[in-house]
Participant: 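Provided herewith is a single structure, encoded as structure tokens, for subsequent inquiry.
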Amino acid sequence: MKTIDKLEAEIVDRIYKLFLEKYTGNKSAFAKASNCTETTVRRILRKEQGITINLLIRMAKALDTTSSELLKDLYI
């Protein structure tokens with residue numbers, strides 16, 4: 001796995017943990033709060049789709065955190 005893929009996988013894992021805490025697995029509510037489709041949420045959480053900076057920021061906000069916090073301690 002390429003380094004960039006590992007970094008993205010780690011970010012998605014962090015998002016997933018926060019998503020489970022705040023939305024208890026409700027992808028529809030998370031998608032609405034993130035202003036994207038449920039399909040996009042599903043594909044990102046299954047690591048089938050890359051995450052854009054724009055979407056990272058919106059998801060972070062929906063999870064009551066920041067994109068900086070999600071990227072913290074990752075060496076890019």
Side-chain angles (χ1 to χ4, degrees):
M1 186 183 265
K2 290 187 265 178
T3 304
I4 195 79
D5 293 334
K6 288 179 185 175
L7 291 171
E8 189 171 24
E10 176 59 32
I11 294 165
V12 171
D13 289 343
R14 292 174 181 191
I15 289 170
Y16 186 69
K17 287 175 189 168
L18 293 171
F19 156 73
L20 287 179
E21 287 175 21
K22 181 164 183 181
Y23 294 95
T24 57
N26 187 334
K27 292 180 182 81
S28 181
F30 182 45
K32 186 174 181 179
S34 300
N35 194 26
C36 69
T37 66
E38 191 174 341
T39 300
T40 298
V41 168
R42 242 187 263 114
R43 292 184 67 204
I44 286 171
L45 294 179
R46 287 193 306 234
K47 300 174 185 148
E48 296 173 354
Q49 176 179 329
I51 188 166
T52 63
I53 296 296
N54 184 303
L55 191 52
L56 176 66
I57 292 166
R58 290 186 310 197
M59 286 184 160
K61 185 175 181 186
L63 294 167
D64 299 323
T65 190
T66 64
S67 54
S68 297
E69 192 62 33
L70 291 170
L71 296 169
K72 192 175 181 179
D73 298 325
L74 289 180
Y75 296 100
I76 300 170

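All values below were derived from every heavy atom in this structure, side-chain atoms included, with hydrogens, water molecules and symmetry-related copies excluded.
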Participant: Not counting sequence neighbours, which residues clear salt bridge (charged side-chain N to carboxylate O under 4.0 Å, His left out) with Arg42? List them please.
Facilitator: Glu38
Participant: What's the separation between atom OG1 in Thr65 and atom CG in Leu70, rounded to the nearest 0.5 Å?
Facilitator: 5.0 Å
Participant: Would you give the length of the straight line joining atom CD1 of Ile51 to atom CD1 of Ile44, rounded to the nearest 0.5 angstrom?
Facilitator: 4.5 Å
Participant: So Leu56 and Ile15, do their side chains get closer than 4.5 Å, heavy atoms only?
Facilitator: yes
Participant: Taking all heavy atoms of Leu55 and all of Thr52, pick out the closest pair and write down the distance.
Facilitator: N-OG1, 3.0 Å
Participant: Tell me the side chain to side chain donor-acceptor pair (under 3.5 Å) pairs involving residues 17-30, sequence neighbours left out?
Facilitator: Lys22-Asp64
Participant: Might you work through the side-chain contact (heavy atoms from CB on, under 4.5 Å) test for Ile4 and Glu8, ending with a clear yes or no?
Facilitator: CA-CA 6 Å; Ile4 195 79; Glu8 189 171 24; 5.8 Å; no
Participant: Could you measure the distance from the CD atom of Glu69 to the CG atom of Leu71? Nearest 0.5 Å is fine.
Facilitator: 9.5 Å
Participant: Please tell me if the side chains of Met59 and Leu18 come closer than 4.5 Å, counting only heavy atoms from C-beta onward.
Facilitator: no
Participant: Kindly determine whether Ser67 and Ile53 satisfy side-chain contact (heavy atoms from CB on, under 4.5 Å), including the steps that lead there.
Facilitator: CA-CA 8 Å; Ser67 54; Ile53 296 296; over 6 Å; no
Participant: Please collect all salt bridge (Lys or Arg N to Asp or Glu O under 4.0 Å) contacts where either partner lies in residues 44-63, sequence neighbours excluded, each pair once.
Facilitator: Asp13-Lys47, Arg46-Glu48
Participant: Would you confirm whether Ser34, through its side chain, and Phe30, through its main-chain N or O, come within 3.5 Å as a donor-acceptor pair?
Facilitator: yes
Participant: Identify whether the distance between the nearest side-chain nitrogen and carboxylate oxygen of Glu10 and Arg14 falls below 4.0 Å.
Facilitator: yes
Participant: Under 4.5 Å between side-chain heavy atoms, hopping through other hydrophobics if needed: is there a path connecting Leu63 to Ile57?
Facilitator: no
